[in-house]
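Take a look at the structure set out below.
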Amino acid sequence: MTIAPLRHHSRAVWSDSRLLYALEEVVETELNRHLKVAKEWMPHEYVPWSDGRNFDGVMGGEAWAPEQSKVTDIGRTALIVNLLTEDNLPSYHHEIASLFGRDGAWGTWVHRWTAEEGRHGIVMRDYLLTSRAVDPVALERFRMQHMSEGFESDNRHSMLHSVAYVAFQELATRISHRNTGHHSGDPVCDRMLSRIATDENLHMVFYRNLLGKAFELAPDQTMSAVRDVVVDFRMPGHGIPGFERAAAQMAIGGIYNLRIHHDDVLQPVLRFLKVLEITGLGPDGLRAQEELGLYMGGLDDQATKFDERREALLARRRARAEQA
């Protein structure tokens, strides 16, 4: 059934409820595709259980010490950020269930996505504690503080903005996990995060394809939503204690920075959907498209400057290491 949008100033205007209804068939198609390609995997198979031993405390084991960790310093920082981000799954589920609903294809997807994301937090925490990669006391205190403060998405006011955001955010999360694994210094960690990144990529494809259909139905509104999301993009873990410092370390360490954000996250989605090539837009859509293009150009310039500063910093560090 075709659902007609409302009319406002001779341009089609879609409410969230009408868009949700109109996109239901696409959600069902994408859900069925996802279920066919998603492979079952078991978190416990990626954890080096034989490396585990009791910690101090009620079990009377050995206290954690930094030298017990097999991962690099930057790997440890990124792992904590990535896991604490996953820990807020209850808040994420609440928000998308409130926006997308719990019935029909939308509801089935919401619950399936939540179940798949739950595995990520399970396997990461089991790996970190079993391998003694991080301080378990500090990790738990961070978790309690982060979750106690709660989480509210910047895009909770709009279904379209939320779809646009997760299309980019799922890819950003995939890239962050993948690069963390590569820089961790531990093949076991790299394998685990590669498995998680595969899930995140499938989630990105689901939302990216949904966003593509939204462009067909409501091009002006979708363009404006994409412009807003790209310009104001923040990772969902921005509320983590000490996030700014950790993010700076991850940027210098090559986990996630402006260049990666521009080249590996924003550009692939924009190019796939040909966002900057869409024609037939109204005044609002054209303005948003132009502003998006200008922003991407400016971001590329900022990324180039960051690359230059980063390389200079790394060169100084190498020089000091050689002198030492």
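Numbers for residues simply follow the sequence, beginning at 1.
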Salt bridge or not between [X] and [Y]? Use side-chain N to carboxylate O under 4.0 Å.
| X | Y | answer |
| --- | --- | --- |
| K305 | E308 | no |
| R318 | E311 | yes |
| R259 | D300 | yes |
| R287 | E290 | no |

Give the intermediate values and the outcome of ring pair (Phe, Tyr, Trp, His ring centres under 6.0 Å) for residues Y207 and F168. CA-CA 9 Å; Y207 287 118; F168 295 104; over 10 Å; no
Joint cluster assignment, [X] & [Y], ILVMFWY side-chain distance < 4.5 Å:
| X | Y | result |
| --- | --- | --- |
| I255 | L313 | no |
| I278 | L23 | yes |
| F272 | L160 | yes |
| L294 | V229 | no |
| Y295 | V265 | yes |

Member of V123, D135, L83 meeting the side-chain contact (heavy atoms from CB on, under 4.5 Å) criterion with L128: L83
Out of H182, M192, M124, which residue meets the side-chain contact (heavy atoms from CB on, under 4.5 Å) rule with H177? M124
Residues in side chain to side chain contact (heavy atoms under 4.5 Å, CB included) contact with R310, at least two apart in sequence or another chain: N257, F306, L314
Full working for ring pair (Phe, Tyr, Trp, His ring centres under 6.0 Å) between F206 and W113: CA-CA 10 Å; F206 178 94; W113 175 87; over 10 Å; no
Might you work through the salt bridge (charged side-chain N to carboxylate O under 4.0 Å, His left out) test for E116 and R112, ending with a clear yes or no? CA-CA 6 Å; E116 292 186 0; R112 173 72 188 201; 2.6 Å; yes
For D103, is the CG atom crowded, meaning more than 12 foreign heavy atoms sit under 6.0 Å from it? no
Check: [Y] and [X] side chains under 4.5 Å, non-hydrogen atoms:
| X | Y | value |
| --- | --- | --- |
| P241 | R141 | no |
| S194 | Y46 | no |
| L217 | L19 | yes |

In terms of side-chain heavy atoms, does [X] have a donor or acceptor partner in [Y] at a distance below 3.5 Å?
| X | Y | answer |
| --- | --- | --- |
| H44 | D126 | no |
| D228 | H161 | yes |
| T180 | N82 | yes |

In Å, rounded to the nearest 0.5 Å, how long is the span from [atom1] of [X] to [atom2] of [Y]?
| X | Y | atom1 | atom2 | answer |
| --- | --- | --- | --- | --- |
| Y256 | H261 | OH | NE2 | 4.5 Å |
| M204 | L211 | CE | CG | 11.5 Å |
| L299 | T304 | CG | OG1 | 9.5 Å |
| I240 | R143 | CD1 | CZ | 13.0 Å |

Counting only N and O atoms by type, is there a donor-acceptor contact under 3.5 Å from the side chain of S162 to the main-chain atoms of I96? no
Can you label the angle between the H120 ring and the W41 ring as parallel, tilted or perpendicular, going by 30° and 60°? parallel
Evaluate the ring planes of H238 and F151, with Trp represented by its six-membered ring, and classify them as parallel (under 30°), tilted (30 to 60°) or perpendicular (over 60°). tilted
Take T173 and Q169, measure what side chain to side chain donor-acceptor pair (under 3.5 Å) needs, and give me the verdict at the end. CA-CA 6 Å; T173 303; Q169 178 265 317; 2.7 Å; yes
Between D190 and R178, the two heavy atoms sitting closest are OD1-O, 4.5 Å
